[in-house]
Protein chains: 2
Amino acid sequence: MTGHSPPDPKHLRLKFDEYVRRHQLKSTHQRDVIVDLFLKSTGHMSIEDLLAKVRKKSPKVGYATVYRTLKLLTDCGIAAARQFGDGQTRFEVMGDGQAHHDHLICVSCGLILEFENDTIEQLQDEMADRLGGFKLVRHKLELYGQCPKAAGVKNGYCPKDESS
Amino acid sequence: MTGHSPPDPKHLRLKFDEYVRRHQLKSTHQRDVIVDLFLKSTGHMSIEDLLAKVRKKSPKVGYATVYRTLKLLTDCGIAAARQFGDGQTRFEVMGDGQAHHDHLICVSCGLILEFENDTIEQLQDEMADRLGGFKLVRHKLELYGQCPKAAGVKNGYCPKDESS
DNA sequence: GTAAGTGCAAAGTGTTTGCATTTCC
DNA sequence: GGAAATGCAAACACTTTGCACTTAC
């Protein structure tokens, strides 16, 4: 009920290459860097995050190129744009058979977790039907909470502590 | 489990007046018009919607005043800002004892319905706990669907048809 | 009279676009 | 060589802010 298999960067990279070929687009150094860094990431990167990483390898890349490349990735189903209310769009890596999932965001450390819950989805469909026979086409569920440490649990775990 | 009592414009108006008095703000014609039109609305208005209505009564009012007045209303708990992904912030009227609620948005007619579902809320808490002992502080659930008419149901109902 | 509010225009965001120049095939 | 991509700056849409002028108390 929770979690899903992580996307495979190599396979997605091939998918992108094929998309580029099929649409007669060109393979450029900038795109290579952007796509690889994006696929290597844990997802949920903002344009700014990504551009910062990109510029470490290729300093002259501009915002527009990153926006355009993410658009491309979104068009071919490798990336998905998300809004978590902090003003900027974040992009997540979409694995191939990746089912719909929702998000849990820690309000203190900023960590974003993904989850699936079939029971909730089912209740949503029922709810929509009960509200007047509506048929759902999509939904957005975001949980904002505190990780145990932030919530004040003694010796509480904070995922952020590990990454440093 | 669904629906809630509608907010009472008169009472909220008094609440606003009191807020203004307590904070030693001033009562102005512009604010009167904006607040009354907002409270009279069904909520979920964008600044632009509201300004358009306001200008019918008081043509010289500017965007800034509407933004500032909505900020005021938000500060005193009468309005709440919402983002439904169409780029602009919408404000909803918050009745006094108004419980948290979620939204169902019709992707074809734009109607926004509100609902509550305790079972879903409960499952969310469980989910957060299971994901690593997170404590939820808030959440956002938006259902996007089609009203029966849009979904192609014969003689299907579309709430928008009534308002014209 | 003075602090608060208004309207306007300017400045800020995050994002997109137009265009001359560069790059890939 | 020519289409496609890049980088820059300008344009965008929405929102906020600075400031001279007006208004409420």
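So that the names make sense, note that chain A is the first sequence line, chain B the second, and so on, each numbered from 1.
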Could you verify whether a donor N or O on one side chain and an acceptor N or O on the other, from [X] and [Y], lie under 3.5 Å apart?
X	Y	value
B/Q83	B/T89	yes
A/H139	A/Q124	yes
A/E142	A/H103	no

Does [N] have its OP1 or OP2 closer than 4.0 Å to a side-chain nitrogen or oxygen of [X]?
X	N	result
B/S27	D/dA24	no
B/T28	C/dT6	yes
A/Q30	C/dT23	no

Which whole-number value in Å describes the distance from [X] [atom1] to [N] [atom2]?
X	N	atom1	atom2	result
A/R31	C/dT23	CZ	C1'	11 Å
A/H29	D/dA4	NE2	C1'	18 Å
A/K26	D/dA4	NZ	P	7 Å
B/E48	D/dT15	CD	P	9 Å
A/L25	D/dA3	CG	C1'	11 Å
A/D17	C/dC24	CG	P	15 Å
B/K60	D/dT22	NZ	C1'	11 Å

> With respect to the side chain of A/I47, which nucleotide from C/dT15, D/dG7, D/dA24 is positioned closest?
Replying inline: C/dT15

>> Quick check on the hydrophobic clustering: are B/I105 and A/V137 connected, directly or via other members, by side-chain heavy-atom contacts under 4.5 Å?
In response: yes

>> Assess whether a salt bridge exists between A/R22 and A/D17, defined as any Lys/Arg side-chain N lying under 4.0 Å from an Asp/Glu carboxylate O.
In response: no

> Does B/D49 come within less than 4.0 Å of B/K53, counting only side-chain N to carboxylate O?
Replying inline: no

> For residues 66-91 of chain A, which residues have at least one heavy atom under 4.0 Å from DNA chain C?
Replying inline: A/Y67, A/R68, A/G87, A/Q88, A/T89

